[in-house]
Amino acid sequence: MRRILILFSLLLLFSCDNDRGNRNPFLQEIGFRFDLNLNLPLYSPLKNTGNAIYVGNDGVGTRGVFIINSGFNQFRVFEASCPNHAPNSCSTMSLNGQNVTCACEDYEYSLFTGQFLNRPDTGSRFYDMLEYRAAFSGEVLTISN
């Protein structure tokens, strides 16, 4: 019985991983919570699948967030600051349909997946968009980190 306990303890010890290798060094993951009432005209486009909006309120992400209705009352929420360089004067991306574009290097990202669409083949490490949590209840969408 003691051997099993020791084996189990070792298994737990070695299964824990503190590797933050996928952590984006350019963006801080700040804590916030913001509620959007989809009955308000500013947020009502999110009632339709495929529609996206930008929310640039203070305290919402680093440079605001992009939100897209991905269908069946599911929403994806991403940081509006380009994930491939530190926030600066040109790093707030602009909405272009269901994609967003960084004005600094014309990098383009999908709001359905958060993936970097025109990734350069330079051998450097590039990051996809930073995603936040979204919870939908009634007509209120709560986004948080």
Side-chain angles (χ1 to χ4, degrees), residues 4 7-145:
I4 292 173
L7 182 62
F8 183 71
S9 297
L10 287 173
L11 181 65
L12 282 176
L13 180 67
F14 288 111
S15 67
C16 296
D17 186 8
N18 199 17
D19 181 18
R20 300 280 302 202
N22 290 334
R23 170 80 174 84
N24 187 324
F26 300 117
L27 298 177
Q28 274 189 321
E29 294 185 34
I30 58 172
F32 69 92
R33 178 190 163 115
F34 188 73
D35 294 328
L36 292 91
N37 183 338
L38 300 191
N39 287 322
L40 296 174
L42 184 62
Y43 307 126
S44 65
L46 289 175
K47 288 186 173 191
N48 298 315
T49 300
N51 282 354
I53 64 168
Y54 168 71
V55 176
N57 297 35
D58 287 338
V60 180
T62 302
R63 294 286 177 116
V65 295
F66 291 106
I67 306 166
I68 190 166
N69 179 336
S70 57
F72 303 103
N73 290 328
Q74 299 294 311
F75 297 86
R76 306 284 308 260
V77 181
F78 296 99
E79 172 59 47
S81 185
C82 183
N84 286 297
H85 52 78
N88 61 40
S89 61
C90 68
S91 69
T92 302
M93 297 186 284
S94 58
L95 185 61
N96 184 15
Q98 297 169 340
N99 295 335
V100 292
T101 305
C102 176
C104 300
E105 300 91 359
D106 289 327
Y107 291 161
E108 190 172 12
Y109 304 84
S110 167
L111 286 178
F112 275 108
T113 62
Q115 289 181 317
F116 190 0
L117 297 176
N118 57 345
R119 189 178 309 259
D121 190 18
T122 62
S124 298
R125 172 127 191 213
F126 291 97
Y127 297 90
D128 293 325
M129 295 178 77
L130 176 62
E131 186 168 13
Y132 296 124
R133 285 183 289 281
F136 185 63
S137 178
E139 292 296 316
V140 176
L141 176 65
T142 301
I143 56 176
S144 62
N145 189 26

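Side-chain atoms are counted along with the backbone in the values below, which use heavy atoms only and exclude waters and symmetry mates. Throughout, residue positions are numbered sequentially from 1 according to the sequence presented. The structure presented is a predicted model; accordingly, all values stated were derived computationally and were not measured.
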My understanding is that only residues two or more places apart in sequence, or in another chain, count here; which of them pass side chain to side chain contact (heavy atoms under 4.5 Å, CB included) with [X]?
X      : answer
Glu105 : His85, Cys102, Tyr107
Asn73  : Phe136
Thr122 : Pro120, Ser124, Phe126
Ser70  : Gln74, Arg76, Phe112

Distance-minimising heavy-atom pair for [X] and [Y]:
X      : Y      : result
Met129 : Met93  : CE-CE, 3.7 Å
Ala52  : Leu46  : CA-CD2, 4.4 Å
Phe75  : Ala134 : O-CB, 3.7 Å
Leu95  : Gly97  : CD1-O, 3.5 Å
Ile30  : Gly61  : CD1-O, 3.1 Å

Can you measure from [atom1] ([X]) to [atom2] ([Y]) and round to the nearest 0.5 angstrom?
X      : Y     : atom1 : atom2 : answer
Asn88  : Phe26 : CG    : CZ    : 11.0 Å
Ser144 : Asp35 : OG    : CG    : 9.0 Å
Asn118 : Asn99 : CG    : CG    : 9.5 Å
Ser110 : Ile68 : OG    : CD1   : 7.0 Å
Leu130 : Arg23 : CG    : CZ    : 8.0 Å

Going by the rule salt bridge (Lys or Arg N to Asp or Glu O under 4.0 Å), which residues pair with [X] if we only count those two or more places apart in sequence or in a different chain?
X      : answer
Glu108 : none
Arg133 : none
Arg119 : Asp128

Applying disulfide (SG to SG under 2.5 Å) as the test, list every pair that has at least one member in [range]; sequence neighbours left out.
range          : result
residues 61-93 : Cys90-Cys104
residues 51-81 : none
residues 26-64 : none

Find out whether [X] and [Y] are in side-chain contact, i.e. whether some heavy atom of one side chain is under 4.5 Å from a heavy atom of the other.
X      : Y      : answer
Glu139 : Ser44  : no
Ser137 : Thr142 : no
Leu36  : Ile67  : yes
Phe34  : Val77  : no
Asn48  : Asn69  : no
Tyr109 : Pro83  : yes
Lys47  : Asn39  : yes

- Message: Just checking Gln28: does its CD atom have more than 12 heavy atoms from other residues, nucleotides or ligands closer to it than 6.0 angstrom?
- Response: no
- Residue pairs, two or more places apart or on separate chains, that pass salt bridge (charged side-chain N to carboxylate O under 4.0 Å, His left out) and touch residues 60-74: none
- Can you tell me which residue pairs pass the ring-ring contact (aromatic ring centres under 6.0 Å, His included) test with a partner in residues 36-65, sequence neighbours excluded? Tyr54-Phe66
